[in-house]
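Letters A, B, ... mirror the listed sequences (proteins, then strands); counts begin at 1.
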There are 2 protein chains.
Amino acid sequence: MPTTLTPPRMRIAEASERTGLSGHTLRYYEQERLFVNPVERDGAGHRVFSEEQIQWLLVCSKMRSSGMSLDHIRRYAELMRGGPATVGERYEILREHEQKVRDQLAELQAALDVIEHKIAFYAEQMAEGTADQAWRNGPNCSSPI
Amino acid sequence: MPTTLTPPRMRIAEASERTGLSGHTLRYYEQERLFVNPVERDGAGHRVFSEEQIQWLLVCSKMRSSGMSLDHIRRYAELMRGGPATVGERYEILREHEQKVRDQLAELQAALDVIEHKIAFYAEQMAEGTADQAWRNGPNCSSPI
DNA sequence: CCTTGACTTCGAGTCGACTCGAAGGCGTAC
DNA sequence: GTACGCCTTCGAGTCGACTCGAAGTCAAGG
């Protein structure tokens with residue numbers, strides 16, 4: 001079998017490079033049935049990925065980075081295989097995940113507000129020279145600084 | 001020993017309620033030396049938390065929810081015990097964490113953009129009736145929908 | 001033919017932060 | 001005095017998603 005593949009198809013090393021997912025992870029994803037279409041094999045039994053699968057992996061990657069579980073991705077992939085009839089359920093899954101992502105954003109933003117507040121407090125402290133009032137309680141600034 | 005404590009001090013059940021952290025978690029945090037000041041005990045050996053400790057736990061909670069590790073929180077708590085001399089290092093820790101939170105926000109936002117894009121696509125699909133063109137590839141819309 | 005290197009399968013190990021449950025102590029209410 | 005409920009310590013278990021490593025296969029290059 002050829003050492004290079006006709007362009008839209010590639011082996012695991014390139015798929016790994018393209019997606020930022022390790023080869024181990026790519027195999028794991030196949031085993032977990034996360035692909036919409038089966039991963040093909042060449043004569044040597046090596047995996048061959050299509051461009052479409054790379055795009056799908058990039059989507060998976062975004063879903064993962066926003067906290068979607070492999071369970072949910074698997075379900076979504078199943079629905080993809082189900083064709084147009086499953087569009088409604090796919091939509092629902094995405095809507096649900098969208099809400100989770102918004103919740104996470106809000107949570108992070110709330111934390112960021114606290115962090116910034118403390119940073120500002122410390123910046124002021126440090127500007128005041130090596131002041132010894134590090135333990136004061138200003139308004140809205142209960143001690144755990 | 002009294003069944004209720006003088007207001008600013010409370011036992012684990014109330015501390016749990018106030019902070020949203022389970023009693024198990026509160027004990028675990030003490031064991032992990034996450035508190036700035038030692039958790040006191042009453043005559044029966046029960047933990048007694050101060051209002052200040054509740055405030056600190058609320059801060060820890062925000063740090064945790066934004067992904068700060070217990071290791072980093074422990075370090076921060078140590079620095080708190082070190083007094084004013086450690087303000088600079090505390091500032092640095094917060095700055096570093098701030099950046100991580102901003103990175104997470106950006107990552108989530110990028111994922112959200114993809115999700116919204118797909119949601120809009122599906123919404124359109126569904127509006128067009130049960131169209132059978134679910135597999136089309138529009139511009140900027142490579143197939144893994 | 002032999003080496004090289006990219007690949008294969010398989011099973012086991014890792015990670016942090018909880019989370020749980022068993023066994024027991026203490027003080028109050030009845 | 002005994003039942004109750006809240007607390008204690010301790011050690012073990014859980015979770016998902018990797019991550020690793022051993023042992024083996026295959027094709028091409030020299």
Review point. Is B/Glu98 salt-bridged to B/Arg102, cutoff N-O under 4.0 Å?
Key: yes
Exercise for review: Report which part of the nucleic acid A/Ser69 touches: base, sugar-phosphate, or nothing (heavy-atom distance under 4.0 Å, all strands).
Suggested key: sugar-phosphate
Point to revise | Side chain of A/Ile12 - closest among C/dC7, C/dG25, D/dC18 | key: C/dC7
**Study point:** Distance-minimising heavy-atom pair for B/Ser16 and B/Leu21
**Key:** OG-O, 2.8 Å
Check your understanding: Which nucleotide sits closest to the side chain of B/His24: C/dT19, C/dT8, C/dG27?
Key -> C/dT19
Point to revise | Interatomic distance where CD belongs to B/Glu30 and P belongs to D/dT9 [whole Å] | key: 7 Å
Revision key, fill the gap. Ranking D/dT19, C/dA6, C/dC18 by distance to the side chain of A/Thr25, first place goes to D/dT19
Practice item. Could you state the atom-to-atom distance from NE2 of B/His46 to P of C/dT28 in whole Å? Key: 11 Å
Check your understanding: Which angle, to the nearest 10 degrees, lies between the helix axes at the two ends of the helix from C/dC1-D/dG30 to C/dC30-D/dG1, each defined by five pairs?
Key -> 20°
Practice item. Quick one: pull up CD in A/Gln104 and OG in A/Ser66 and give me the separation to the nearest 0.5 Å. Key: 7.0 Å
Practice item. Report yes or no: do A/Tyr122 and B/Arg90 form a side-chain donor-acceptor pair below 3.5 Å? Key: yes
Study note, to complete from the structure: Which of C/dA17, D/dC18, C/dC7 is nearest the side chain of B/Tyr28? It is C/dA17
Review point. Nearest-Å distance, CG (B/Leu34) to P (C/dG16)?
Key: 14 Å
**Study point:** Check ion pair B/Arg9-B/Glu40 (N to O, under 4.0 angstrom)
**Key:** yes
Check your understanding: Where along residues 101-113 of chain B does a heavy atom fall under 4.0 Å from DNA chain D?
Key -> none
Exercise for review: Look at all strands and tell whether A/Arg27 reaches a base, only sugar-phosphate, or nothing, counting heavy atoms closer than 4.0 Å.
Suggested key: base
Review point. Atom CG of A/Asp42 to atom C1' of D/dT25: distance rounded to whole Å?
Key: 12 Å
**Study point:** Atom pair distance, as rounded to whole Å: CD in B/Gln31 and P in C/dA17
**Key:** 13 Å
Practice item. Could you check B/Asp71 against A/Ala13 and say which one's nearest nucleotide on DNA chain C is further toward the 5' end? Key: A/Ala13
**Study point:** C/dC18 phosphate, OP1 or OP2, under 4.0 Å from B/Arg64 side-chain N/O
**Key:** yes
Exercise for review: Look only at the side chain of B/Trp56 and the backbone of B/Asn37, and say whether a donor-acceptor pair between them is shorter than 3.5 Å.
Suggested key: no
Review point. Are A/Arg74 and A/Asp71 close enough for a salt bridge, meaning some N to O gap below 4.0 Å?
Key: yes
**Study point:** A/Arg41 side chain near C/dT9 phosphate (N/O to OP1/OP2, under 4.0 Å)
**Key:** yes
Point to revise | Basic-acidic side-chain contact under 4.0 Å: A/Arg75, A/Glu78 | key: yes
Practice item. Before accepting this row, confirm whether a basic side-chain N of the pair A/Lys118/A/Glu124 lies closer than 4.0 Å to the acidic partner's carboxylate O. Key: no
Revision key, fill the gap. Against the side chain of A/Arg47, the closest entry in C/dT8, D/dC7, D/dA17 is C/dT8
